[in-house]
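Below you'll find the structure, written out as structure tokens, and then a few comments.
This structure is a prediction, so every number in the text was calculated from the model and none was measured. Sequence lines set the chain letters: A, B, ... in the order given, protein chains first and strands last, and positions in each chain run from 1.
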Amino acid sequence: MSRTYDPHSIEEKWQAEWDAAGLYSVTEDAFKPKKYVLEMFPYPSGDIHMGHVRNYSIGDVVARYFTMRGMSVLHPIGWDAFGLPAENAAIKSDSHPAKWTYANIEKQATSFRRMGFSYDWDRTVRTCDPEYYRWGQWTFLKFWERGLVERKNSPVNWCPGCKTVLANEQVLPDGTCWRCKSVVEKRELEQYFLKITEYAQELLDDLDELPGWPERVKAMQANWIGRSEGAEVDFTLCDAAGEPTDTTITVFTTRPDTLFGCSFFLLAPEHPLVREFVTGTQYEAAVMDVVRAAAKESSIDRSSAEKEKRGAFTGRYVINPVNGEKVPVWVSDYVLMEYGTGAVMAVPSGDQRDFDFARTYDLPIPPVVVAEDDMLFSQLSGVRERVLADVPWEVAYAGPGVMVQSGAFTGMRGGKASEGMKAVTEWLAERGQGRFSINFRLRDWLISRQRYWGNPIPAIHCPECGLVPVPEADLPVMLPMDVDVTKGETLADHPEFYETTCPTCGGAARRETDTMDTFTCSSWYYLRYCDARNDDAIWDPAKTDYWMPVDQYIGGIEHAILHLLYSRFFTKVYRDMGLVSFAEPFTNLLTQGMVKLDGATMSKSRGNVVAPEEIIAKYGADTLRAYILFMAPPDKDLEWSNEGLDGMWRFLGRAWRYITEVAEESAAGASGVAAGDPATKLLSRERHRVVGKVSDDIERFQFNTALSAMMELLNTAYDYRRGVPAGSRDVGLERDVAETLTLLLAPYVPHMAEELWREVLGRAESVHLQSWPAWDPAAAVSDEIEYAVQVNGKVRARLTVAADAPEDVVREAALEQVAEHVEGKTVRKVVVVPGKLVSIVVG
RNA sequence: GCGGGCGUGGCGGAAUGGCAGACGCGCCGGGUUUAGGUCCCGGUGAGGCGACUCGUGGAGGUUCGAAUCCUCUCGCCCGCACCA
């Protein structure tokens, strides 16, 4: 009695059954190798979208496959549940962020169950639960103890849309907020920072320890950390009368070898000395024009390289330590206060920006490093004194060359990391006027947020004792639920929350009302999954030692810097605290591509969304899972197409029919005729070849070709049924093929495979508890092999020989086959590629 | 400008230096069906009646053999960027 494939009658049935049986709960098992398969946890936005389907389907196939390969597999899920969208939604719907968040989590969890994902639900975390966020607060206190928390006043990114500050990483390249796209403003505020810069070098170096990460992501992180090697150089400041003072201004440069070509000196408009220099002088008006213009400009315009560089002379001079020259100090908007020291030595002959500025304001451009093939080379080679104060060039020369007009250093090699660079720095260091230095682009991580729906910062402001940490015993600082965000309230509007006493002196004090950046919550959740229900500690190191590091992490490229950099930082600090024994949390990283429609990313606002629920309603979850994996390799962007979906539906229907037919026939006791006929041998070979291919492909994340291989096996199996009359078929083999196919399909279409395994093939135990089918590479090889015979690179004949035929036999047979193409010519070379082809060269 | 990546049929995509286009979609033809859909069978890179010839953005090179390796070049995508 055969039924057709009807996903709707089986999917929910098995989901309930798996749940009841606790099929996906895992514990540490000392006798099995472990695998930790993790997909980036979602923000509970409510509906799931195709990006989720793709991300979590990839992880689910990998997790189920490793389980069938006999591993102990940790595959958890949770929710990154704090954050601004909940507040915005609450305001819109006159509700509470908690209510909205928990409702969405329920909804999304239901969708995930509906997809049949094999999560260990016992380990779920929700970052807005006090049982979770208390350990985030604990982590903050531990960072504080280690000197990694700093509260400081500085210019910070303020998003007027989100009404809070942002970390540098959360401002997009165009100067807008990563979440709401408002133009970010600079404000001078006192905020909390985590000192990620203390780990800058290690974060950079350890990228080399991550061969399992995409080059692209590592390049982006290296770029973001932005290490540059150079020197600090101290310039002596002159007073208003032009006489040297005791004060120096330090600059950072990557090219100390060009110091002799410094013809002016620059300060950022925000530099505190600017105002001091010009107030009450004839230069004040022009300089303050530049300062005000820079302040008014958004960071978008400010960072445009095309823009005309604006500047003004401050009336002051500094003294160049290498030659004692007095150099004029200018202010210019192309100097950034945030990078280096906010002051720059300008070498217009060696730096395009300085070159442009010098041309605009008619400043000298003395050449100091020239290439051997430059027309100036013969004129200046070996010349120590400055004889030429300008260049005939159209652009600056930043490449390597020979130093000229550079005193005692003349004749040395100049350029990045050059002999001259080292020599000049050493010379300066001996005189205390400079030193080797390394500068990073990475800034400390600003983590305080002026928003309600987040993890409260466990700190107390005491008028007597200053800023005091909340004692560990008092954790968690509970986020109060009676804050009404619809009225625009934050923690700062709730005296019941902030009025407290100082834990040190007992006097009246004020509790911190800022909350933490939600990226702090997602920087350690993968560790908490290892011991999610622990109320006495953040985790038991024995458990993290067992499960960690994550063997396979899967998520979107949008976290290439943000989440992945922060998590690496947290892991390194936990390591220094002795809480974990490894330095990198994610051994292998897969960044999946986007799901697009009509060439554009699917988004509600664009209106080009295909809802997973609609596909599930029509085809079931299994078809959707298999199809989204079949469409493209996982790291590539994918163009959604509804037509192709029918192809996957047909394949699953065909597989279903084949397996049910064979199951009935074998159950009816049809005798196996173990004939050694070619068709039977072919099917047997295919069975072994395909199991091998599917296994390899899953391990390489080639889910599309794994599914193709299963289609090939099914096609061969149908050819056999049609080509060989009933009664002459090897029913035992067909039964084996049907069972094997069911096992191969199990990670992709878990419900269908389960129904086939238990209800059709009549097995008692879940298909998901079975071992992955074995395969014998030798059995995949035919006893006869067809060789292609090439003459001068063109295939001229085909040759079938026994698989074990020795090479010289193959060679002779091949020459015989192509006699007509060889006749009258000299055979110059014969290459036999075993099992593939014979290449004959004649001439 | 710096860094990373990609160019293969009508489409999505296969191919660990060894027969380019697996598998699927679409399309064409046929069968089953009262009909449509489902389902089943066959065909499907281009040119040629044909044996054959040409084909992986373009031009060179290495090799018996190149989609794959090297050099140059064109086009596209992504990241960073007045970072001193």
Closest nucleotide of RNA chain B for A:W224 versus for A:R796: which of these residues is on the 5' side? A:R796

Kindly say if A:K794 contacts the phosphate of B:C54, meaning a side-chain N or O under 4.0 Å from OP1 or OP2. yes

Kindly indicate whether a cation-pi arrangement holds for A:K309 with A:Y334, taking the cut-offs as under 6.0 Å to the six-membered ring centre and within 45° of the axis. yes

Would you say B:A84 has OP1 or OP2 under 4.0 Å from some side-chain N or O of A:S228? yes

Can you check whether A:R654 has a side-chain N or O nearer than 4.0 Å to OP1 or OP2 of B:C40? yes

First of A:H821 and A:R722 reached from the 5' end of RNA chain B, by closest nucleotide: A:R722

Under 4.0 Å between a side-chain N or O of A:R657 and OP1 or OP2 of B:C40? yes

Rounded C1' spacing from B:C6 to B:U56 in Å: 13 Å

Separation of atom CD in A:E712 from atom C1' in B:A22, rounded to whole Å: 6 Å

What's the gap between B:G55 and B:A66 when it is taken at their P atoms, as a whole Å value? 12 Å

Can A:E665 and A:R721 be said to form a side-chain contact (heavy atoms from CB on, under 4.5 Å), step by step? CA-CA 12 Å; A:E665 208 167 295; A:R721 280 186 85 68; 2.6 Å; yes

Quantified in whole Å, what is the P atom distance between nucleotide B:G4 and nucleotide B:C19? 31 Å

Which of B:G5, B:G18, B:G13 is nearest the side chain of A:V831? It is B:G18

Please tell me if A:N715 has a side-chain N or O lying less than 4.0 Å from either OP1 or OP2 of B:G24. yes

Could you work out which one of B:A84, B:C25, B:G18 sits closest to the side chain of A:V344? B:A84

Is the backbone of A:G593 close enough, under 3.5 Å, to the side chain of A:D635 for a donor and an acceptor to pair up by distance? no

Nearest-Å distance once atom P is located in both B:A22 and B:U44: 10 Å

C1' gap between B:G18 and B:A67, integer Å: 13 Å

Counting distance alone, no hydrogens or angles: does the base of B:C80 have a donor or acceptor under 3.5 Å from a partner atom on the side chain of A:R441? no

Rounded distance in Å between the C1' positions of B:C54 and B:U8: 15 Å

Identify whether the distance between the nearest side-chain nitrogen and carboxylate oxygen of A:K596 and A:E639 falls below 4.0 Å. no

